[in-house]
Amino acid sequence: MEVCCDLQVDVNGEEVFMVDKKTLASFSGRFSKLFGKLKGTSRSLKVIFHDFPGGAEGFELMTRFCYNNGTIEITPSNIVLLYCIAHFMEMDGDGSGRLNILSQTEKSLEGISFWTWPNLVVALKQCQDLLPASNSSSILEKVLDCLIAKLFCPFVTSTYASSSEHLSFQFSSARSSHSLKTNSSQTTWWVEDLMFLSINLIEKVIRRMMFQELDHSTIFKFLFHYHQSKSMGATTPGEKRKITEVAISLLYLLDNSSLSCKCLFKIYQLALSLKISKLYKNKLENMIGSQLDQATIDYVLVPSPRGKKHVYDVSLVLRFVKSFLLEKGCHLSQSRLKRVSKLMDSYLAEVAPDTYLNPSKFAALAMSLPDSARESHDRLYQAIGVYFKRHADLFEEEKMSICCALNYDKLSAHSLKHLTQNIKFPPRGAVEAFTTEQSKLRSLLHKAYNLKTLDSLLIHTDNEIKHEKQDTEHIIPVFTKKLDLPTEAEKLRAHLQTMHWKTLEMGNTCGTMEMQMAAIMKSRLSFRGSIQYLPKLFP
């Protein structure tokens, strides 16, 4: 059959085709409309396409379909291209019953569930290249659904892995901190295959994964690796910033329990250098704070912002703690609280020597956690001691505001003894420590031996201590003003000496008890030096 080639077609500036316009018009609504307006014209025509799907390859595929009288082999490798061509050239039939390419591609899609993983990956890549970013076409939805369904399988033949070599996600490596290692996990074998996804398509893919209830921990690993890989390949700071902000917004959709504090800090380091918007920075800080119990001291030692004199960014850590406490509220487990308290004690020890750290910030750090978070306040006391030593010019009120963080009942006997002799601490704190020590001794004796007479004596002693504390409350404000009140000082000395002699009397009463009781009384007698020290606080 003789074919008249009366139409010249220029496709995307790549190649020129000579074709029969009548043959193409019989299958393409777009050509049919174009040539219908030019009836009676016998001269040759030229059509130029600037955005034909698939370029010259796509046009050749379309002409093959037309010249084969509406038949062509449709495979997973060309189905997306044919689908896009059908829409672009309006090849959806004209009601004449002639086979059209659109209906054939849609029928072929009915068997998409039987496609292999590599076929699905190729189809998804074609969707990304050929479909507009905002397009929610049925073929893209079907490809995504089937591809994500494959992710639930322990292992599927991958473009980058064989059945004997599984890909696993590895957060750190000697060669790359975001590499994938082999022979470990069967849940992330597919990650490398999807690194081609564009920023415009990744959000659609992640939301589809979440809709199909893929494990959020697996999604997090994929997103982290995707961010690291794309950031390394980006050529401009603006491109890196866009990738980082998209990754943060998607990570923010995941359950907090699926997040890795270590990986989030890596993203945070990059985000700081890129100066991302405050919205995304706040989201990232909230995510890090929610997993603060996973952090180590190295993570939170973030240098202070430029222009600040203090060494570390204390305000950032306070925001982390706030996010941590708000994440679960009253349902926060005690074990997680304790891990964060250990982290904060270590952080306090690091920042305490900083002479530029103001008292209000240090007090905020010391009081950032509830009292129940710490079983012992010894490390907190030590950090406060270092801070007082490096800040000798603190006012009494500033010291007291910091000391409010201390629970003297949670200090060990050694720390309490040290506190009563520590001239850096305010007098009121020393007196309260001494009182707490007496209360501890009374409780210990009562529980150990259940002696009613001894308990009665100790209760009487406790009343004396209360009177002593009340009297001291009146003395201390005067002391801070450097006034000389020998009468009040003598009164304080008399009360403390009386308390001391009553303690010695308890030692005589319990002298015949077990050796353990003798050790307890020996510890009590060691406070004689403390009693002699307190009057020296006054001129």
Side-chain angles (χ1 to χ4, degrees), residues 169-181 191 195 199 202 206 216-217 219-254 256-324 327 339-340 343-344 346-348 350-351 354 357 361 365 368:
F169 191 82
Q170 186 70 19
F171 292 112
S172 59
S173 169
R175 289 178 294 180
S176 172
S177 61
H178 54 86
S179 65
L180 295 177
K181 282 192 173 181
V191 170
M195 285 299 104
I199 291 296
I202 187 66
I206 294 300
H216 281 210
S217 297
I219 298 176
F220 174 82
K221 294 173 183 177
F222 167 59
L223 263 177
F224 175 76
H225 182 61
Y226 177 86
H227 172 261
Q228 297 293 89
S229 178
K230 288 292 183 180
S231 296
M232 288 187 65
T235 56
T236 65
E239 188 179 354
K240 288 184 179 181
R241 187 183 305 112
K242 177 64 175 177
I243 294 168
T244 301
E245 290 179 348
V246 169
I248 291 172
S249 64
L250 294 175
L251 289 170
Y252 198 69
L253 301 175
L254 304 178
N256 285 337
S257 59
S258 66
L259 306 177
S260 163
C261 192
K262 179 179 180 180
C263 295
L264 290 175
F265 266 107
K266 288 184 178 181
I267 297 176
Y268 191 79
Q269 290 173 353
L270 178 61
L272 287 179
S273 65
L274 295 174
K275 298 180 180 179
I276 63 173
S277 68
K278 189 174 181 179
L279 172 65
Y280 296 103
K281 184 180 178 183
N282 290 342
K283 285 184 176 182
L284 186 54
E285 288 178 1
N286 287 337
M287 287 188 286
I288 293 174
S290 70
Q291 302 303 307
L292 192 59
D293 57 310
Q294 298 179 14
T296 62
I297 186 62
D298 294 336
Y299 297 162
V300 294
L301 292 177
V302 179
S304 62
R306 184 174 298 178
K308 301 291 184 179
K309 290 186 177 181
H310 49 271
V311 180
Y312 298 113
D313 194 345
V314 174
S315 298
L316 173 64
V317 175
L318 287 172
R319 293 197 296 271
F320 286 160
V321 175
K322 181 180 178 181
S323 298
F324 175 77
E327 192 251 331
R339 287 196 292 270
V340 173
L343 174 67
M344 290 304 296
S346 298
Y347 187 75
L348 282 163
E350 291 289 339
V351 301
D354 185 0
L357 182 61
K361 287 290 186 183
L365 283 173
S368 59

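These figures come from a predicted structure and were not determined experimentally.
- A pairwise comparison of heavy atoms in C261 and A295 identifies SG-CB, 3.8 Å as the closest pair.
- Atom NZ of residue K230 and atom CD1 of residue I202 lie 8.5 Å apart, to the nearest 0.5 angstrom.
- The neighbour count for K242 NZ, taken as heavy atoms of other residues, nucleotides or ligands under 6.0 Å away, does not exceed 12.
- Taking the side chain as every heavy atom from C-beta outward, Y312 and V302 never approach each other to under 4.5 Å.
- In terms of the side chain to side chain contact (heavy atoms under 4.5 Å, CB included) criterion, residue partners of S304 (sequence neighbours excluded) are, by chain and number, K308, H310.
- The two residues H227 and L270 make their nearest non-hydrogen contact at CE1-CD2, 3.5 Å.
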- Message: Run the side chain to side chain contact (heavy atoms under 4.5 Å, CB included) test on S277 and E245 for me, step by step, so that the C-alpha distance in whole Å, both residues' side-chain angles and the decisive distance to 0.1 Å come before the verdict.
- Response: CA-CA 8 Å; S277 68; E245 290 179 348; 3.8 Å; yes
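- Here the OG atom belonging to S368 is positioned 7.0 Å from the CG atom belonging to L348, to the nearest 0.5 angstrom.
- The closest side-chain heavy-atom distance from S260 to Q291 is not below 4.5 Å.
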- Would M195 and H225 count as a side chain to side chain contact (heavy atoms under 4.5 Å, CB included) if you check the C-alpha gap in whole Å, the side-chain angles of each, and the deciding distance to 0.1 Å? CA-CA 9 Å; M195 285 299 104; H225 182 61; 3.6 Å; yes
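- The closest side-chain heavy-atom distance from L251 to L264 is below 4.5 Å.
- Side-chain contact between S315 and K361 is present, with heavy atoms from C-beta onward closer than 4.5 Å.
- Side-chain contact between L343 and T296: absent, with no pair of heavy atoms (C-beta onward) separated by less than 4.5 Å.
- By the side chain to side chain contact (heavy atoms under 4.5 Å, CB included) test, L253 is found to be paired with R207, M210, L250, residues two or more places apart in sequence or in another chain being considered.
- Residue pairs satisfying the ring-ring contact (aromatic ring centres under 6.0 Å, His included) criterion with at least one member in residues 267-294, sequence neighbours excluded, are absent.
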- Message: With side chain to side chain contact (heavy atoms under 4.5 Å, CB included) as the criterion, how do I199 and E239 come out once you've worked through the C-alpha distance, each side chain's angles and the decisive distance to 0.1 Å?
- Response: CA-CA 10 Å; I199 291 296; E239 188 179 354; over 6 Å; no
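- Between T244 and A271, the shortest heavy-atom distance links the atoms CG2-CB, 4.2 Å.
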- Message: Could you go through N282 and K278, starting from their C-alpha distance and side-chain angles, then the distance that decides it, and tell me whether this counts as side chain to side chain contact (heavy atoms under 4.5 Å, CB included)?
- Response: CA-CA 6 Å; N282 290 342; K278 189 174 181 179; 3.7 Å; yes
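- Separation of atoms NZ (K309) and CG (L357) is listed at 13.5 Å; rounding is to 0.5 Å.
- In terms of heavy atoms, D354 sits closest to V311 at OD2-N, 2.8 Å.
- Residue I288 holds its CD1 atom at 9.5 Å from OG of S323, rounded to the nearest 0.5 Å.
- Side chains of Q294 and Y299 form no contact here, defined as non-hydrogen atoms less than 4.5 Å apart.
- Residues K221 and V191 fail the side-chain proximity criterion, which asks for heavy atoms closer than 4.5 Å.
- Residues R241 and L274 share a closest heavy-atom pair of NE-O, 3.0 Å.
- Remark: F324 CZ to R339 CZ distance equals 7.5 Å, nearest 0.5 Å.
- Between the CG atom of L292 and the CZ atom of R319 there is a distance of 13.0 Å, given to the nearest 0.5 Å.
- The two residues V300 and Y347 come nearest to each other via the heavy atoms O-CE1, 3.4 Å.
- Side-chain N or O atoms of S229 include none that pairs as donor or acceptor with a backbone N or O of Y226 at under 3.5 Å.
- Between Y252 and N286 there is a side-chain heavy-atom pair separated by less than 4.5 Å.
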